[in-house]
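Have a look at the structure below, then the notes.
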Amino acid sequence: MDVRLDMELADFRTQISEALAEGGTQPLVRLTDEELAVLDPEETFIPKPCLSAMDTQQREWAMATALRSLVSREVVEIHNIEELDAALYGAQEAAVDMRIRMDVDLALTLRRTADRALAITQHTAAGTAFGYVHIHAANLLLVERITAGGMHLFTLADKVHEVVNLVQPLLDPFGVADQDGPLAPLAPSALDREHVGPLAAVIDNARIVAELVLLSDPPGPMLTTYVTDRAVWAVLVDSPHAPTGITARSVSTATLSQHIAEMLSAGNQEAHHA
């Protein structure tokens with residue numbers, strides 16, 4: 001990215017931050033897997049759980065239906081409908097010339113240009129859900145929560161603690177994080193073997209497992225949580241491949257919130273999406 005574009009991005013962030021400061025954290029837009037695939041076809045980084053389960057023909061049908069839905073809801077405006085119709089009946093190809101509604105375009109732009117992202121994966125018996133926090137600054141964060149059914153819910157936030165409130169339910173949806181237990185150091189090899197010391201029984205009885213990774217350059221900290229009927233255990237890795245700095249403990253709600261907030265604040269502003 002050259003200096004001119006850096007300045008443009010900085011100005012863009014400043015304008016959005018100033019507007020956000022007046023209105024505060026607010027829901028932005030909801031989009032499906034297939035709608036996002038139509039709006040941003042080159043993006044392959046964020047999971048699309050519903051779309052990825054389809055075969056090629058099903059994906060084509062789903063995306064064609066999604067485009068019709070986007071047009072009917074005035075999310076996009078097609079400027080070359082006649083050309084597309086001619087291409088359809090003539091069995092030819094034509095690129096779609098579309099203009100995207102402002103709130104949707106804002107979400108897509110913030111999604112593409114974040115310096116870092118906190119990626120969250122929640123595993124349950126019902127399926128896998130995801131969360132991504134696209135980090136631009138402490139007062140400019142785009143939260144993307146993704147259901148197991150492929151619905152993407154975007155929220156624009158201007159405070160870290162409000163982001164924590166949005167994503168913490170992915171880690172502890174039942175609110176069982178109770179109290180902090182004693183800190184237990186773990187060897188790095190314990191993460192790659194069945195024997196994990198005090199965590200063995202916790203892992204066996206976990207109802208929900210969540211993984212948090214800070215995607216940045218250099219790579220940031222990682223956190224894995226295990227939710228049982230009575231507690232939430234957290235395994236914190238300070239940095240990938242480090243010989244030390246891996247700890248496990250049961251955590252309170254406050255400590256769990258603190259871990260998430262620290263991960264959101266880690267890294268540097270010059271880092272880019274991994």
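Numbering of residues begins at 1 and proceeds along the displayed sequence. This structure is a prediction, so every number in the text was calculated from the model and none was measured.
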What pairs with Arg68 under salt bridge (Lys or Arg N to Asp or Glu O under 4.0 Å), at least two apart in sequence or on another chain?
none
Show me the pairs that pass salt bridge (Lys or Arg N to Asp or Glu O under 4.0 Å) and involve residues 153-167, at least two apart or across chains.
none
Other residues, nucleotides and ligands only: do more than 12 of their heavy atoms fall within 6.0 Å of CD on Gln26?
yes
So do Leu171 and Gln122 actually touch side chain to side chain, heavy atoms under 4.5 Å?
no
Please give the remaining members of the hydrophobic cluster of Leu153, linking ILVMFWY side chains under 4.5 Å, ordered by chain and number.
Met151
Kindly determine whether Leu214 and Ile135 satisfy side chain to side chain contact (heavy atoms under 4.5 Å, CB included), including the steps that lead there.
CA-CA 10 Å; Leu214 181 64; Ile135 305 168; 4.1 Å; yes
Taking only residues two or more places apart in sequence or in another chain, which ones pass side chain to side chain contact (heavy atoms under 4.5 Å, CB included) with Leu156?
Ile16, Leu20, Leu106, Leu110, Leu140, Leu142
So Leu212 and Met263, side chain to side chain contact (heavy atoms under 4.5 Å, CB included) or not? Walk me through it.
CA-CA 9 Å; Leu212 291 80; Met263 293 188 73; 4.0 Å; yes
Thr155 meets the side chain to side chain donor-acceptor pair (under 3.5 Å) criterion, sequence neighbours left out, with Arg145
Taking side chain to side chain contact (heavy atoms under 4.5 Å, CB included) as the definition, give me every residue that meets it alongside Asp229, ordered by chain and number, with sequence neighbours left out.
Arg207
Please step through side chain to side chain contact (heavy atoms under 4.5 Å, CB included) for the pair Gln168 and Ile260, ending with a clear verdict.
CA-CA 8 Å; Gln168 187 154 331; Ile260 300 170; 3.9 Å; yes
Minimal heavy-atom distance between Ala62 and Met54, with the atoms involved, is CB-SD, 3.8 Å
For Glu262, is there any backbone N or O sitting under 3.5 Å from a side-chain donor or acceptor partner on Ser265?
no
Taking side chain to side chain donor-acceptor pair (under 3.5 Å) as the definition, give me every residue that meets it alongside Arg99, ordered by chain and number, with sequence neighbours left out.
Asp97
When every non-hydrogen atom of Arg116 is compared with those of Ser216, the smallest separation belongs to CG-CB, 3.6 Å
Closest non-hydrogen atom pair, Asp55 against Gln58
OD1-N, 2.8 Å
Enter the distance from Leu70:CG to Glu77:CD here, rounded to the nearest 0.5 Å.
13.0 Å
Side chains of Asp105 and Asp103: closer than 4.5 Å at any heavy-atom pair?
no
With a 4.5 Å cut-off on side-chain heavy atoms, are His152 and Ile46 touching?
yes
If only side-chain N and O atoms count, and only distance matters, is there a donor-acceptor pair under 3.5 Å linking Arg111 with His134?
no
If I take atom CG from residue Leu108 and atom OG1 from residue Thr113, how far apart are they, to the nearest 0.5 angstrom?
10.5 Å
Looking only at heavy atoms, what is the nearest atom pair of Leu28 and Ala107, with distance?
CD2-CB, 3.7 Å
Please tell me if the side chains of Glu211 and Ile120 come closer than 4.5 Å, counting only heavy atoms from C-beta onward.
no
Taking side chain as C-beta onward, heavy atoms only, is Leu118 less than 4.5 Å from Leu215?
no
Indicate if Ile246 and Val202 have the same hydrophobic cluster label, given that clusters are the connected sets of ILVMFWY residues with side-chain heavy-atom separations under 4.5 angstrom.
yes
Smallest separation among heavy atoms of Leu141 and Ala138, with atom names:
CD1-O, 3.4 Å
Shared hydrophobic cluster for Val29 and Leu51 (ILVMFWY, side-chain gaps under 4.5 Å):
no
Interatomic spacing from CG in Asn165 to OG in Ser257 - rounded to 0.5 Å
7.0 Å
Separation between OG1 of Thr225 and CG of Leu223, rounded to the nearest 0.5 Å
6.0 Å
Other cluster members, Trp61 - Ile/Leu/Val/Met/Phe/Trp/Tyr, side-chain contacts below 4.5 Å
none
May I ask you to decide if Phe45's main-chain N or O and Glu43's side chain share a donor-acceptor pair within less than 3.5 Å?
yes
For Gln179, the side chain to side chain contact (heavy atoms under 4.5 Å, CB included) test, sequence neighbours excluded, returns none
Show me the pairs that pass salt bridge (Lys or Arg N to Asp or Glu O under 4.0 Å) and involve residues 32-41, at least two apart or across chains.
Glu35-Arg73, Asp40-Arg112
In Å, rounded to the nearest 0.5 Å, how long is the span from NE2 of His136 to OG1 of Thr14?
12.5 Å
Considering all heavy atoms of both residues, which atom of Gly149 and which atom of Cys50 are nearest to each other, and what is their separation?
O-CB, 3.3 Å
His259 side chain near Leu236 side chain, heavy-atom distance below 4.5 Å:
yes
Does any non-hydrogen side-chain atom of Tyr226 lie less than 4.5 Å from one of Val235?
yes
Between Arg249 and Gly181 (side chain of the first, backbone of the second, donor and acceptor by atom type, cut-off under 3.5 Å), is there such a pair?
yes
Flag yes if more than 12 heavy atoms outside Glu74 fall under 6.0 Å of its CD atom; otherwise flag no.
no
Only counting residues at least two apart or in another chain, list the ones meeting side chain to side chain donor-acceptor pair (under 3.5 Å) with Ser252.
Asp180, Thr255
Would you check if Val176 and Thr228 make a side-chain contact, meaning some heavy-atom pair closer than 4.5 Å?
no
Yes or no on side chain to side chain contact (heavy atoms under 4.5 Å, CB included) for Leu36 and Thr32, after CA distance, side-chain angles and deciding distance?
CA-CA 6 Å; Leu36 280 166; Thr32 64; over 6 Å; no
Residues at least two apart in sequence or cross-chain that pass side chain to side chain donor-acceptor pair (under 3.5 Å) with Glu18, listed by chain then number, are none
Find the distance between CH2 (Trp233) and CD1 (Ile203) and round it off to the nearest 0.5 Å.
10.0 Å
